[in-house]
Amino acid sequence: MPSKSSKLFSRAQRILPGGVDSPVRAFKAVGGTPRFIRKASGARLTDADGRTYIDYVMSWGPLIHGHAPKELVKALAAAAKRGTSFGAPTALEVELGERVRSLMPSLERVRFVNSGTEAAMSAIRVARAATGRDAIVKFEGCYHGHADQFLVKAGSGLITLGTPTSPGVTKAAAADTLVAAYNDLASVDRLCAEHAGKIAALIVEPIAGNMGVVPPAPGFLHGLRTLCNRFGIVLIFDEVISGFRTGKSGAQGWAGVTPDLTCLGKIIGGGLPVGAYGGRKDLMELVSPAGPVYQAGTLSGNPLAMTAGLWSLNQLSGALYKRLADLGVRLAEGLADAARAAGVNLQINGLGSMLTPFFTAGAVTDYQSALAADTARYATFFQGMLARGVFPPPSQFEAWFLSAAHTRSDVNKTIAAAKKAMREVG
Ligand code: KE4
């Protein structure tokens, strides 16, 4: 008897390319039928067939407070009654902007948009306008959304599906995108020297999440700051994942490195569509209508997303981050023990409430070492976990996320499932 998810997937493929609205959801890298989700609450998903799962995708990062927190749902219902969108300014976006700046002071000015992609592409446009230069530097394995200029040796779904550079991106667009190696300052120095005077911006995930979790090596982010100062390059931290994930001031606060511009998303929308870019006043005042750099959006700063973002940021606390970090360590240790007991090579990269178990023997410090991971073993492990009521990301090259809704018991159940699933990988 085909499951409801498989029936829905067959129907979905007759209207949605690949049956989904974002490629990583399609289970292509792990096989099987993507689960169609009917509802979610706390740390749990319920699929169309009524099966529940402990969720570690958590909508790919936004849900640091878990699915459908009661107070958030109440706040959204009240906001909806006052109108869902006005196409006019509201106090809410001012309040959220001020809240973001209070937590990340480098964002002297901020503009809200509707996705991380919009945030990153707009930040690049500002940097190009400010410097009069065309080239940008990105890193192999980092992902900044699907704007043409970023789809060059990109991470997330592109690595997952084995298409690091996408067709449809013009040679001209790709030519302006220079690619360096993550955690390899010498590779950046060479590019800056070879293209001196031509590079507008360097954009980086300060804690990489889109090749799986790869933290910055000691000195890497400071080194990027020094190189950008030396060559007059705008340093952009893409904190769409790391922003408010690892701490109240994001990766920039954690590392003590101040970028010129920052991209945000996910957590600042609490699960509704939001992105933001911001940074130095002199750069952001170039953005229309303050300046000539055009960027716009029908639903930018809409009251529902702003309500969700404000609620989300207002719940953040040191105690929450401590609990999340403790849970993260417990989960990492448990997965490592399960792999060891089954004789499976596993490297776990984790930071706070985000982690990735890589099925490989060697340390994972960059794109090339991440690619060495055994994706077939990950797929077997994934299916074993799914069958036991745990929903990890359907890709070796993504982050697992914990939330305020995850309990110690959830993590213990996850570890128990991993002990059995690892034996099937062996
Ligand atoms: P969106 O356009 O998907 O809102 O954000 C793009 C983006 C930008 N920067 C970083 C660091 C990101 O991680 C993302 C999006 N992340 C992926 C998952 N790693 C989104 C999931 C998906 O594509 O469905």
Side-chain angles (χ1 to χ4, degrees), residues 12 15-29 34 57 59-62 111-128 134-180 182 200-205 208-212 236-243 261-269 271-277 294-300 305 367 370 393-399:
I15 181 67
L16 308 174
V20 292
D21 281 318
S22 200
V24 280
R25 305 175 189 171
F27 278 27
K28 267 200 176 304
V57 178
S59 183
W60 304 96
R111 166 64 59 90
F112 292 106
V113 292
N114 296 286
S115 69
T117 296
E118 273 191 270
M121 62 189 269
S122 307
I124 292 290
R125 187 178 303 145
V126 169
R128 284 173 163 157
D134 295 343
I136 63 170
V137 174
K138 74 174 289 293
F139 290 86
E140 277 183 316
C142 285
Y143 178 72
H144 308 291
H146 64 87
D148 281 359
Q149 65 231 5
F150 301 132
L151 297 183
V152 179
K153 290 203 175 183
S156 188
L158 290 104
I159 315 182
T160 298
L161 300 169
T163 55
T165 300
S166 170
V169 174
T170 65
K171 287 190 182 56
D176 284 334
T177 300
L178 307 171
V179 182
Y182 197 78
L202 181 148
I203 186 166
V204 66
E205 290 181 56
N210 285 294
M211 48 184 126
I236 303 174
F237 274 8
D238 179 345
E239 295 224 40
V240 167
I241 286 182
S242 59
L261 294 175
T262 298
C263 307
L264 295 171
K266 298 185 193 275
I267 289 174
I268 65 161
L272 271 71
V274 180
Y277 63 105
Y294 198 71
Q295 180 270 308
T298 303
L299 293 171
S300 296
Y367 178 64
S395 161
Q396 166 67 93
F397 306 111
E398 293 286 356

(Q) What's the separation between atom NZ in Lys171 and atom CG in Asp176, rounded to the nearest 0.5 Å? (A) 14.0 Å
Q.
Please give me the minimum heavy-atom distance between Ala201 and Ala127, naming the atom from each residue.
A. CB-CB, 3.7 Å
Q) Which atom names give the shortest non-hydrogen contact between Ala135 and Leu178, and what distance separates them? A) CB-CD1, 4.2 Å
Q) Any sub-3.5 Å donor-acceptor pair from Lys28's side-chain atoms to Pro23's backbone N or O? A) no
Q | Pairwise side-chain contact, Asn114 with Ser300, heavy-atom cut-off 4.5 Å (strictly under) | A | yes
Q: Give the minimum heavy-atom separation between Phe397 and Ala370, together with the two atoms involved.
A: CE2-O, 3.3 Å
Q) Are any of the side-chain heavy atoms of Phe150 and Cys142 separated by less than 4.5 Å? A) no
Q | Any donor-acceptor pair under 3.5 Å from Thr117 side chain to Ala147 backbone | A | no
Q: Determine whether the side chains of Gln295 and Arg125 contain a donor N or O and an acceptor N or O closer than 3.5 Å.
A: no
Q | Result of checking Val137, Asp148, Ile136 against Thr177 for side chain to side chain contact (heavy atoms under 4.5 Å, CB included) | A | Ile136
**Q.** Atom pair CG (Leu151) and NE2 (His146), whose distance is rounded to the nearest 0.5 Å
**A.** 8.0 Å
**Q.** Candidate list Ile241, Asn210, Val240, test side chain to side chain contact (heavy atoms under 4.5 Å, CB included), partner Tyr143, passing option
**A.** Asn210
Q) Do you know the tightest heavy-atom contact between Pro394 and Val57? A) CD-CG2, 4.3 Å
Q) Is the backbone N or O of Tyr277 less than 3.5 Å from a side-chain atom of Arg111, with the two atoms forming a donor-acceptor pair by type? A) no
Q. In Å, rounded to the nearest 0.5 Å, how long is the span from OG of Ser242 to CZ of Phe237?
A. 8.5 Å
Q. Is there a side-chain contact between Cys263 and Ile236, using heavy atoms and a 4.5 Å cut-off?
A. yes
Q. Are side-chain heavy atoms of His144 and Ile124 found at a separation under 4.5 Å?
A. no
Q) Side chains of Val179 and Phe139: does their closest heavy-atom pair fall under 4.5 Å? A) no
Q: Give the minimum heavy-atom separation between Val152 and Lys138, together with the two atoms involved.
A: O-NZ, 3.1 Å
Q.
Could you measure the distance from the OG atom of Ser115 to the CG atom of Leu299? Nearest 0.5 Å is fine.
A. 11.5 Å
Q | Over all atoms of both residues, closest heavy-atom pair of Glu398 and Gly157 | A | OE2-N, 4.0 Å
Q. Hey, what do you get for CE (Met211) to CD (Gln396), rounding to the nearest 0.5 Å?
A. 13.0 Å
